[in-house]
*Asks:* 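Here it is: the structure, laid out below.
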Amino acid sequence: MDLLNYINKGLTYENYIIRVEDDLEAEIENEDPKEIVQYYALGLQRMNRVYKTFELTPVQEKRVKETANNFKILTITEGWCGDASQIIPVVEKIANTLNVESKYILRDENLELMENYKTNNAISIPIIIGVAEDGSELFRFGPRPQYGMELLHRFKNNPDIYSAEEFHEDLQKYYNNNKGVDILNEILDLIDENVQ
């Protein structure tokens, strides 16, 4: 699969934010038939907050600058996705620091691509893909950091003991307290392992 086609049609971070704002407006004008206005609004609020507040420490910045950057980043996402709103701003900051091209495409408009990036047979997002110069995949990350996946497995395995509400609350606390550190480290580890 040539991922460069998706890079070429992908949105920049700035254009992705504009698209999410437009999608939010459209849902409001249509009287919110899917009942997702609140998720779009919360997603925009979180993305703006995380993008403004996420800063690399000097040690993290040194590590990023020592990391290979001969690849591009393609992210499959949607504006209403809670995990995406926490992860995408960190990915964009990593891309900016590495000086690599970063593009965003919408899952629901690219289901043929999403078929190749399912997580346990689910079309979970965001999925961050490292793309080589020849359009092949170098690595993938997502739909959430390892600890977030552990929380999800805990919920899926014991929904009577650990409810969906508890899972979402714990996941949000984790993102707020971790401040993007795990996202950064897990993505940098993938780059170190897979990009020459």
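Since the structure is predicted, the reported quantities are computational estimates derived from the model, not experimental observations.
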*Asks:* Which atom pair, heavy atoms only, marks the closest approach of Pro126 to Ile87?
*Replies:* CG-CD1, 3.9 Å

*Asks:* Among residues two or more places apart or on two chains, list those pairs meeting side chain to side chain donor-acceptor pair (under 3.5 Å) that have a residue in residues 126-142.
*Replies:* Tyr117-Glu137, Asp134-Ser136, Glu137-Arg140

*Asks:* Got a second to check how far Thr77's OG1 is from Asp108's CG, nearest 0.5 Å?
*Replies:* 10.0 Å

*Asks:* Take a 6.0 Å sphere around CD of Glu31 and say whether it holds more than 12 heavy atoms from other residues, nucleotides or ligands.
*Replies:* no

*Asks:* Quick one: list whatever passes side-chain contact (heavy atoms from CB on, under 4.5 Å) with Glu66, sequence neighbours left out.
*Replies:* Lys62

*Asks:* Are there over 12 heavy-atom neighbours, none belonging to Glu35, within less than 6.0 Å of that residue's CD?
*Replies:* no

*Asks:* Just jot down the side-chain contact (heavy atoms from CB on, under 4.5 Å) partners of His153, sequence neighbours excluded, or say none.
*Replies:* Asn120, Met149, Asn157

*Asks:* May I ask you to say whether Lys9 pairs ionically with Glu109, meaning some side-chain N is under 4.0 Å from a carboxylate O?
*Replies:* no

*Asks:* How would you list, by chain and number, every residue that makes a side chain to side chain donor-acceptor pair (under 3.5 Å) with Asp32, sequence neighbours excluded?
*Replies:* none

*Asks:* Report the residues that fulfil salt bridge (Lys or Arg N to Asp or Glu O under 4.0 Å) with Glu166, sequence neighbours left out, ordered by chain and then residue number.
*Replies:* none

*Asks:* Hey, could you give me the CD1/CG distance between Ile18 and Asp23, rounded to the nearest 0.5 Å?
*Replies:* 12.0 Å

*Asks:* What pairs with Lys34 under side-chain contact (heavy atoms from CB on, under 4.5 Å), at least two apart in sequence or on another chain?
*Replies:* Glu27, Ile36

*Asks:* Just checking, is any N or O donor in the side chain of Glu92 or Ser102 under 3.5 Å from an acceptor N or O on the other one?
*Replies:* yes

*Asks:* May I ask you to decide if the ring planes of Tyr162 and Phe167 are parallel, tilted or perpendicular, using 30° and 60° as cut-offs?
*Replies:* perpendicular

*Asks:* List the atom of Val20, the atom of Gly79, and the distance in Å for their closest heavy-atom pair.
*Replies:* CG2-CA, 3.7 Å

*Asks:* Quick one: closest heavy-atom pair of Ile127 and Pro143, and the distance?
*Replies:* CD1-N, 4.1 Å

*Asks:* Checking Tyr147 against Asn178: is there a side-chain donor and acceptor pair closer than 3.5 Å?
*Replies:* no

*Asks:* Could you pull out all residues at least two apart from Gln38 that satisfy side chain to side chain donor-acceptor pair (under 3.5 Å)?
*Replies:* none

*Asks:* Quick one: side chain to side chain donor-acceptor pair (under 3.5 Å) partners of Thr53, sequence neighbours excluded?
*Replies:* none

*Asks:* Give me each pair satisfying salt bridge (Lys or Arg N to Asp or Glu O under 4.0 Å) with a member in residues 144-159, each pair once, sequence neighbours excluded.
*Replies:* Asp83-Arg144

*Asks:* With salt bridge (Lys or Arg N to Asp or Glu O under 4.0 Å) as the rule and sequence neighbours excluded, what pairs involving residues 113-129 come up?
*Replies:* Glu115-Lys118

*Asks:* For Ala164 and Phe155, which heavy atoms make the closest approach, and how far apart are they?
*Replies:* N-CE1, 3.4 Å

*Asks:* Under the criterion side chain to side chain contact (heavy atoms under 4.5 Å, CB included), which of Leu188, Asn194, Asp192 is the partner of Leu190?
*Replies:* Asn194

*Asks:* I need the Lys93 NZ to Tyr13 OH distance, nearest 0.5 Å.
*Replies:* 8.5 Å

*Asks:* Output the distance between atom CD1 (Ile17) and atom OH (Tyr51), rounded to the nearest 0.5 Å.
*Replies:* 9.5 Å

*Asks:* Just to verify, what does Leu138 make a side-chain contact (heavy atoms from CB on, under 4.5 Å) with, not counting sequence neighbours?
*Replies:* Phe71, Ala132, Val195

*Asks:* Any donor and acceptor pair, going by atom type alone, linking the side chain of Tyr16 with main-chain N or O of Glu78 inside 3.5 Å?
*Replies:* yes

*Asks:* Which pair of non-hydrogen atoms, one from Asn185 and one from Arg63, has the smallest distance, and what is that distance?
*Replies:* OD1-NH1, 3.6 Å

*Asks:* Supply the atom-to-atom distance Asn30 CG to Glu25 CD, rounded to the nearest 0.5 angstrom.
*Replies:* 11.0 Å

*Asks:* With sequence neighbours left out, what residues match Arg107 under side chain to side chain donor-acceptor pair (under 3.5 Å)?
*Replies:* none

*Asks:* State plainly whether one hydrophobic cluster holds both Ile28 and Tyr39, where clusters connect Ile, Leu, Val, Met, Phe, Trp and Tyr through side-chain heavy atoms under 4.5 angstrom apart.
*Replies:* yes

*Asks:* Do Leu11 and Leu111 sit in the same hydrophobic cluster, where Ile, Leu, Val, Met, Phe, Trp and Tyr count as joined when their side-chain heavy atoms come under 4.5 Å apart?
*Replies:* yes

*Asks:* Rounded to the nearest 0.5 Å, what separates atom CG in Leu184 from atom CG in Leu56?
*Replies:* 6.0 Å

